[in-house]
Amino acid sequence: MEQSPDESVDALRQAVLRSWRDSPTRFTEDTHAEHDLRVGAYRDRVFVELAQNAADAAALAGAPGRLRVRVVDGELRVANTGAPLDRRGIAALASLRASGKPSGHQADGDAAPGATVGRFGVGFAAVLAVTSEPRIVSRTGGVAFSEARTRQEWDADEVPVLRLPWALPADEPPVPDGFDTEVRLPVRAGAQAAQEYVAAVEREAADVLVMLPWLVEIDVEGRLWRRHDDGAEVVLTDPDGGRTRWLTQRGQGCTWAVPIGEDGRPRPLGEDVLHTPTPTDERLSLPARLLTTAVPMEPSRRRVLASADSPDVVRALRAAAEAYPGLVRALPAEHRLALVPRPHFPVSDVDGVLRDLVVERLADDDWLPSATSGLLPGRRARVLDVDAPHLVALLADVVPGLVAAPLCGRDAVRAAEVASARGIGIGELVEAVGGIERPPAWWRDLYTELLAVVDRAEVELDELGALPVPLADGRTWPGARGVLLVEAGDAGDTALDTDLAALDIPGLHVAHPEAVHPLLRRLGAVEAGPAELLRAPAVVEAIARSVDDTMAGLDVTALVESVLTWVSAAGRAPGLGALALPTASGRRRADELVLPDSALLEVLHPDAVGDDAPLDVLDAETARRWDRGVLLACGVRDTFTVLGSEPGPDAGPEPDDELSVPDLDLVADEAWPRAIRLLASQPDTWRALTAPDHRLRDWLSAHALLAGRPPRHWRLPSATELAGLFDPVPDVGLPENLLALVGVRAELAVADTDPAHDAELLCARLADPQRTVSAGLVLRAHGALAAVPPDDVEPPDQVRTLAGTVCDADDAVVLDAPWLLAVWPADRLVAAADFADAPALADVLDLPLASDETDETDETTATVGSFAAWSELPAIVEVADLLGIGVPAGGVVVHDELTVAGTPVPWWRDTSGDLHASDSPEGLARAFAWSANRWSDRVLVERLLDDPDPRAVLG
């Protein structure tokens, strides 16, 4: 005879009590087990566990379940539909170890109705976080658990609440209408805490509906959350009418789910946890949520059993990974990369294993849309690394394995590379299209797409340097640089096309008109107008070899005529000077020719012009046919020219400091005044003549001839301070400003550009005994020579002395100290105005210093001197006061009579640095002025020593 529910509950309770009495350790084990479940495995999982039980009940009943949450009289009440509680369920609830649910249910809903999730009946322990007096009321009866009643049966400080089941009170209200079971939890902390639990339930309701497919509705205090399955999509509706959609994919023992928007765009998850199907503590970082019943879990359902790399766990995770590409394929093609795991460190061991398995499947399974047709696995896929969908379409049959648009761009490459796909950059793209044959319009479309990505700064222009260009002759040329462009519709409209066809210039590449595009211009292609043709490398090269071609017997008439025509329209261009133009005897480079009526012919030497000469005269007929400006633009000379004032082969006009004037070395000796006037008459040559660097002036000063001598040999008539050293320039018909510009001397100076030669000229003039040079000019000239580097100067054989005479260099010394004047004759001394210049002057003239040649070994004094400090000499102190000079330290040795090597001297500085002076105003004045570093005041000091009157200073 079957027991009643109450009898069954009593029997279970008595059995537990007997086990505690028979084995006291069993009570302790039960107490500890329940404590661990309450504070550990099932903490914070009240609603999830109750919802799981409700889903199991619905699955057992084979009908979608509903769940209702209410707070009644301080109790949290959770009601559900589905299979009611039976004796086996009551036994499982009271066991803490065993489950009364039939095994075999799958979370994906594929199992037969009545199957349930879970194998351990311990999840109900989660209610102990809320109450110690839980009750379960069902259509078939119910059961209560009570900490208070358990203590009445068993005296202990702590007792297990869920081990002793009790019959429900006689007045227990029935299950609410429409529901089959209700869990009633008197909340320990009262009504306020109950409302907090309700708020927590509201936060978890949506996730619970996703996790538990057997639940279709959750009612929380009248607020409804509903689940609706629409094929592979799960649609959740919240109480406010908001809808959330989840795309799902079922696999063996698992379901993958990812939230999607109304437009089908996925909303990848950030960080999530493994769901079995309730949440676990195993953190995951995949874009989609995994719900599985196949992964072996610990009894708490918080951690995987054993370890993440155990065979059973890996087997279950591998099965889940095999289902993942199906979820990806279920998305629209443009959104599939959103479900590729982002590269970063795994957040758990399980995450690491699962990520690797998912990535492996994405690498091997077909899921990426091909640009041609079908699907591609990651390993065979190529993703264009610029965001250009139309470009993908153009390259579909060019690049094998190319992924279809819009899956392109750097972000797409980074995502796809995780699945072993490879990006294809612009460099590879350019290489891939090299050598292929396509219609010109196809190339133009390609250029349009590439220009767009260049303008968006996704590609550097340099990366397209080798991009092929279809030519008008049917060939394809690698790279746009140097290609000439003729817009479609222009062909035949001008004589330009005829000229190009007749020239037959190797290397002249003209793009097909239908392929002309702005990108080609930015890559170095040029418009095929006169200016661009003149600068085309092939034309420049043809011009450069035109003279050689003429000498080889080739006819360059067509080239010359075309070039002159282009110049007449476009003006100057690099390299035109090499054009072979006719002369009376043949053809010469244009820049070696002079116009027949050129003023230049009047100043050149007769031998400078002719068949074998440096220059020749342009054929008169050619000079008449073509505009003078056209011929000058080609380099034909009309006057002196300035190199660098016209464009060179590789650059524009150079700065003025690089300008130089050719052909000056061809000027006739007697024609220099006219040549100088010609230089001054033209703007370009005038700028060169007046340039700050003085290069042209310095050259003219050494090489031009005025009255048979270079300009640097003359002085300006107004430069009278140079009289004696330089003669005034004769009248050659040039104004003084032009004479100065060509190097006629206006002052005493050594030329910076050629100091050695200028120094030698200055030395020669000083050593000329026929010249009368003032003493001051000699001193200044020697000072100028001292500033010249001596290495390249040829020392003179004769030098000008202090006596104004000229003596042999072997007999002269350079004066380097004033006291030496007393022992050296003036006609052997060479001096500069500043004694500091003496060593440098000696180096330039290759002369010894007087101090090195003075022998003091016979130094004698007529009387023995006595040392006196300057501050002890009253006359010196008085003079220093009058002049405002500080009295220097040290002093002087005063002699009644001072001689050096037998020669009387007023003062002296010996080799040890001591000063000596005769007891005279002259000697003391010079010694004091030297010691006080006031040598220029020596005469005034001497005068004041004779007469220390302030009027001598003031007057």
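Side chains are part of it too, since the values below use all heavy atoms of this structure and drop only hydrogens, waters and symmetry mates.
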K.L.:
Among Leu579, Val563, Asp549, which one satisfies side-chain contact (heavy atoms from CB on, under 4.5 Å) with Val556?
P.N.:
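Going through the options one by one, the only one that passes is Asp549.
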K.L.:
Mark yes or no for whether Asp758, through its side chain, and Ala751, through its backbone, hold a donor-acceptor pair below 3.5 Å.
P.N.:
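Checked: pair present.
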K.L.:
Hey, does the Lys NZ or Arg CZ of Arg709 hover above the aromatic six-ring of Trp714, less than 6.0 Å from the centre and inside 45° of the axis?
P.N.:
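Yes, a cation-pi geometry holds between Arg709 and Trp714.
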K.L.:
Does Asp811 offer a backbone N or O that forms a donor-acceptor pair with the side chain of Arg828 under 3.5 Å?
P.N.:
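Yes, because the side chain of Arg828 sits within donor-acceptor range (under 3.5 Å) of the backbone of Asp811.
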K.L.:
Under the salt bridge (charged side-chain N to carboxylate O under 4.0 Å, His left out) criterion, do Glu621 and Arg625 qualify, and how do the steps go?
P.N.:
CA-CA 6 Å; Glu621 175 62 24; Arg625 283 187 56 217; 5.0 Å; no
K.L.:
Can you list every salt bridge (Lys or Arg N to Asp or Glu O under 4.0 Å) pair that touches residues 714-723, not counting sequence neighbours?
P.N.:
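Non-adjacent pairs meeting salt bridge (Lys or Arg N to Asp or Glu O under 4.0 Å): zero.
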K.L.:
What's the spacing between Leu748 CG and Leu762 CG if we round to 0.5 Å?
P.N.:
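The distance works out to 6.0 Å.
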K.L.:
Does anything in residues 597-607 pair up under side-chain hydrogen bond (donor to acceptor under 3.5 Å, both in side chains), and if so which pairs, sequence neighbours excluded?
P.N.:
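Counting only pairs at least two positions apart or across chains, the side-chain hydrogen bond (donor to acceptor under 3.5 Å, both in side chains) contacts touching residues 597-607 are Asp597-Arg628.
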K.L.:
So, Asp619 and Thr583: side-chain donor and acceptor under 3.5 Å apart, yes or no?
P.N.:
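Result is no, nothing qualifies.
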K.L.:
Aromatic rings Trp907 and Trp819: how do their planes relate, parallel, tilted or perpendicular, breaks at 30° and 60°?
P.N.:
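Correct class here is perpendicular.
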K.L.:
Counting only heavy atoms not in His757, do more than 12 fall under 6.0 Å of its NE2?
P.N.:
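Result for NE2/His757: open.
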K.L.:
Answer yes or no: is there a side-chain heavy-atom contact under 4.5 Å between Pro662 and Arg637?
P.N.:
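Yes, close enough: below the 4.5 Å cut-off.
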K.L.:
May I have the step-by-step check of side-chain hydrogen bond (donor to acceptor under 3.5 Å, both in side chains) for Trp626 and Ser568, ending in yes or no?
P.N.:
CA-CA 9 Å; Trp626 295 98; Ser568 65; over 6 Å; no
K.L.:
Between the main-chain N or O of Leu725 and the side-chain N or O of Arg765, is there a donor-acceptor pair closer than 3.5 Å?
P.N.:
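At least one qualifying donor-acceptor pair exists.
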K.L.:
Go through it in stages, so that I can follow the logic: the residues are Asp816 and Ser851, the test is side-chain hydrogen bond (donor to acceptor under 3.5 Å, both in side chains), and I'd like the CA-CA distance, side-chain angles, deciding distance and then a yes or no.
P.N.:
CA-CA 7 Å; Asp816 58 333; Ser851 59; 2.4 Å; yes
K.L.:
Using a cut-off of 6.0 Å, state whether more than 12 heavy atoms not belonging to Asn933 lie near its atom CG.
P.N.:
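Not buried by this count: 12 neighbours or fewer within 6.0 Å.
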K.L.:
Among Leu600, Val636, Leu601, Val617, find the one that has a side-chain contact (heavy atoms from CB on, under 4.5 Å) with Leu595.
P.N.:
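Running side-chain contact (heavy atoms from CB on, under 4.5 Å) over Leu600, Val636, Leu601, Val617 with Leu595 returns exactly one hit, Val636.
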K.L.:
Quick one: do the Asp837 and His782 side chains pair a donor with an acceptor below 3.5 Å?
P.N.:
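Distance-only check fails for Asp837 and His782.
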K.L.:
Assess, by modelled atom type and distance only, whether the side chains of Ser681 and Trp686 contain a donor and an acceptor separated by less than 3.5 Å.
P.N.:
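There is no such pair between these side chains.
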K.L.:
Under 4.0 Å between a Lys/Arg side-chain N and an Asp/Glu carboxylate O for Glu942 and Arg926?
P.N.:
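Salt bridge present between Glu942 and Arg926.
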K.L.:
Tell me if the CG atom of Asp665 is crowded by more than 12 foreign heavy atoms within 6.0 Å.
P.N.:
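Check passes, neighbour count above 12.
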K.L.:
Are there more than 12 heavy atoms of other residues, nucleotides or ligands under 6.0 Å from atom CZ of Arg771?
P.N.:
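Yes, enclosed.
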